[in-house]
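Any value given below was found using the heavy atoms of this structure, including those in side chains, with hydrogens, waters and symmetry copies removed. All ligand and atom numbering here is 1-based and tracks the order in the structure.
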Amino acid sequence: MCGIVGFVGDRQAAPILLDGLRRLEYRGYDSSGIAVCGDGALRVKKARGRLQVLSDLTRAGADLPGTLGIGHTRWATHGEPNDINAHPHVSQSGRIAVVHNGIIENYMILKEQLLRKGYTFRSETDTEVVAQLLDYYYDQCNDFFEAVMCTLNAIEGAYALGIVCADYPDRMYAARKDAPLLLGFGEGSNYLASDVTALIRYTRDIVYMDDGELAILSAGGIRIYDRQMRPVEKEHHHIDWEVDAAEKGGYAHFMLKEIMEQPRAIREATAARIQSGRVVLSDLTMTAEEIRSIGKIYIIACGSSYHVGMVGKYNLERMLRRSVEVCLASEFRYSDPIVGEGDLVIVISQSGETLDTMAALREAKKRGARILSIVNVVGSSIARESDDVLYTWAGPEIAVATTKAYSTQMAVLNLLGLYFGDIMGTVDYETYTAMIRGIQNLPTQMEEILLQKDAIHELARECASHEDVFFIGRNLDYALSLEGSLKLKEISYIHSEAYASGELKHGTISLIEDGTLVIALGTYEPLFDKAMSNVVEVQARGAHVLALTTEKHAADMAARVPMVIAIPETEQMLLPQLGVVPLQLLSYYIALERGCDIDKPRNLAKSVTVE
Ligand code: F6R
């Protein structure tokens, strides 16, 4: 999704803006641009394509003097990706420049009004309306602060805005509604960004803006106002990520680095939450009484986070003996959901900014449900609007395809199941202790699996030329197959589908023909024999099978199947935690063999902040 950076301070702005934008590249974009105020002028440079084009165009920023500026990476929504539609957008008078994330819903009406007043438009974007409207109000009242307020009152929809005006080369304006925006406090310099990764090289002192707030940034400080234009004091957050957490650190891709980081991420997410063999969730404010009286449980999420929810359904139902409904956020929000007081809604999101997930959260909250979110990005919108947050502590995830966030979300959900199950009295002692032991062993077992990466690369070479793949599995293996299939399709562009094995014969098996690649998951011990029967069934129709199973069953599987990956034994409910690692590696190496842009797959964005 689009990214915003802003700088005002004691140094040349352009190189800092370009560096910030480079750190936002991972979010996905198709064009970029910067606007800098200096020497009494507002200079704007924009370019379609990679950021390097913009950097070359400005000689790495050297051509743009000035210590105040805004930058943007655009992911096209209104109008095709080109130089004109790229941000910043400049008003007709050339005085005002705007960068924007989100969608101005009433832009057509505003545009018509401005056209009637003689304004002309260059781009097809909704954002240009904001620049022209600012110009219009500024002309009317001759007070830029008032012009900004009038503009914010006139626009509807979602926005994170960075605004500069050539008449005020010492300050920049920032406004937020339903799109993330944060302020960075430095020494003699201050910053604006849509994502903390753009800023950690410069400052770790961060304030997250809330909806309806307006900020004015100058080199000497930042003033923040609420909807009624009253000054507000905000909580400062210290970001303790290492700078190199957002660097590749010698790996060819962020995705591989993040796959390899999973043992450490799981340790971070779980170690402090297990004390003397018991789960301690000190970050949870729910009382034992509130936990015992939970009615229905919903899990709401999108994409891979939804797949974690699918695993969670099997595990929470087993540990809590309560029915758990897993919902796609984009469906839940429009489904007139039967959710209310006494119900618990578990919201899962790596970014904490996914628009559909956010909207579903608000819908559930409005209806009286309690919201507990599992989130990676500290201080994100979902985290802030939830009654309780359990952070996954995975560190920054840069590759578009999630890996370590998925794993840590699952680990936290398992801990939550154990914690609730203990209080509800629904999880027996043997299962509880086996799960604790299993969770503590996960990092070491994941390290063992990661040692197989060269062997998995070999298998990937054999699979890379297929154009259709089916992932099949039952129970937890089915939930895991959904993630395996998504991982493969999003980064390798191979058509891939996941099916509950039992469903095959209800239609899909007609697609299996000579040489079709089937990735058969057979890690779930209670249903191993059935997994094996499904392997035989697809082989009989000519399928080429790659199987994922546990070490215990590896030999049986290898007797039938040419390609087998084995994971160590663990408690049943934890098998997807281990099983996902080879599936991630397999997708990664297949995409590598096909020469794909692994960290930034086509058409995808890291954080989906539009509907
Ligand atoms: C796939 C992937 C996406 C996200 C989805 C939700 O690899 O990363 O499917 O899981 O867009 O994002 P979050 O978890 O940030 O709400």
Worksheet item: Just checking, any donor-acceptor pair under 3.5 angstrom between side chains of Thr403 and Gln262?
Response: no

Fill in: Beyond-backbone contact of Leu583 with Glu483, side-chain heavy atoms, under 4.5 angstrom
no

Worksheet item: What does the list of residues with a heavy atom under 4.0 Å from ligand 1 look like, ordered by chain and number?
Response: Cys302, Gly303, Ser304, Ser305, Ser349, Gln350, Ser351, Thr354, Val400, Ala401, Thr402, Leu486, Lys487, Glu490

Worksheet entry | Check: Phe471 ring centroid to Tyr499 ring centroid under 6.0 Å | no

Practice prompt. Indicate the ring-plane relationship of His237 and Tyr208, choosing parallel, tilted or perpendicular according to the 30° and 60° boundaries.
Written response: perpendicular

Discussion item. Strictly distance-based, threshold 3.5 Å: is any side-chain N or O of Thr203 a donor or acceptor partner for the main-chain N or O of Asp205?
Written reply: yes

Worksheet entry | salt bridge (charged side-chain N to carboxylate O under 4.0 Å, His left out) involving Glu25 - partner list, sequence neighbours excluded | none

